[in-house]
> 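Pasting a structure here, questions to come.
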Amino acid sequence: MPVEMALGCARSRRFFKSDGRLRRIPGLNYWPLKKVLSEKYKFNDKEANAFTEFLLPMLRMDPNKRATAEQMLKHPWLTMEADYDTKMTPEQ
């Protein structure tokens, strides 16, 4: 999160340190979305890449840079051919 965004509200000091890091969660580690999809949810690489490219524009912190619903409706992921190759067992 950009420091100016983390520290930009009246109660920000309650949640963030002066350098923008979270105050009560010192060991928070970044886990890229593609790795979450691949490692935790067992997406194949093609599906993980495509879904990541679809989701990330909607998840941008800065609302001015975030994708609009109209832009997302034109995203190629919505019309791409499915290539599911799940590695999960039926009981999962």
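Just so it is clear, the structure is predicted and the values come from calculations on it, not from any experiment. Computed from heavy atoms alone, side chains included, the values below leave out hydrogens, waters and symmetry copies.
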> List the residues meeting side-chain hydrogen bond (donor to acceptor under 3.5 Å, both in side chains) with E53, not counting sequence neighbours, and say none if there are none.
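Partners of E53 under the side-chain hydrogen bond (donor to acceptor under 3.5 Å, both in side chains) test: none.
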> Is there a side-chain contact between C9 and R14 in this structure, where contact means two heavy atoms from C-beta onward sitting under 4.5 Å apart?
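No. Closest side-chain heavy atoms not under 4.5 Å.
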> At what distance, to the nearest 0.5 angstrom, does CG of L37 lie from CG of L55?
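Answer rounded to 0.5 Å: 7.0 Å.
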> K65: which residues meet the side chain to side chain contact (heavy atoms under 4.5 Å, CB included) condition with it, sequence neighbours left out?
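Per chain and number, K65 pairs via side chain to side chain contact (heavy atoms under 4.5 Å, CB included) with R60, D62.
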> Residues in salt bridge (charged side-chain N to carboxylate O under 4.0 Å, His left out) with R21, at least two apart?
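With neighbours one apart ignored, the set is D19.
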> Any idea which heavy atoms bring A67 and M72 closest together, and the distance?
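Nearest pair, atom of A67 first, then M72: CB-SD, 3.3 Å.
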> Taking all non-hydrogen atoms of both residues, which atom of H75 and which atom of A50 are closest, and how far apart?
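For H75 and A50, the tightest heavy-atom pair comes out as CE1-O, 4.5 Å.
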> With rounding to the nearest 0.5 Å, note down the distance linking OG in S12 to NZ in K17.
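It comes to 14.5 Å.
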> To the nearest 0.5 Å, tell me how far F43 CZ sits from F51 CZ.
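It comes to 5.5 Å.
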> Residues two or more places apart in sequence or in another chain: which of them pass side chain to side chain contact (heavy atoms under 4.5 Å, CB included) with F15?
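Per chain and number, F15 pairs via side chain to side chain contact (heavy atoms under 4.5 Å, CB included) with no residue.
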> Is there a donor-acceptor pair under 3.5 Å between the side chain of R66 and the backbone N or O of M61?
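A pair under 3.5 Å: yes.
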> Quick one: salt bridge (Lys or Arg N to Asp or Glu O under 4.0 Å) pairs with a partner in residues 26-37, sequence neighbours left out?
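For residues 26-37, and leaving out neighbouring residues, the salt bridge (Lys or Arg N to Asp or Glu O under 4.0 Å) pairs sorted by first residue read K34-D45.
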> Partners of E70 by salt bridge (charged side-chain N to carboxylate O under 4.0 Å, His left out), sequence neighbours excluded?
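Only K74 meet the salt bridge (charged side-chain N to carboxylate O under 4.0 Å, His left out) criterion with E70.
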> Can you see which heavy atom on E39 is nearest to which on W31, and at what distance?
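Heavy atoms of E39 and W31 come nearest at OE1-NE1, 3.7 Å.
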> How far does CG of L33 sit from CG of L59, to the nearest 0.5 angstrom?
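Result: 7.0 Å between the selected atoms.
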> Could you tell me which non-hydrogen atom of E47 sits nearest to which non-hydrogen atom of W77, and how far apart they are?
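For E47 and W77, the tightest heavy-atom pair comes out as OE1-NE1, 4.4 Å.
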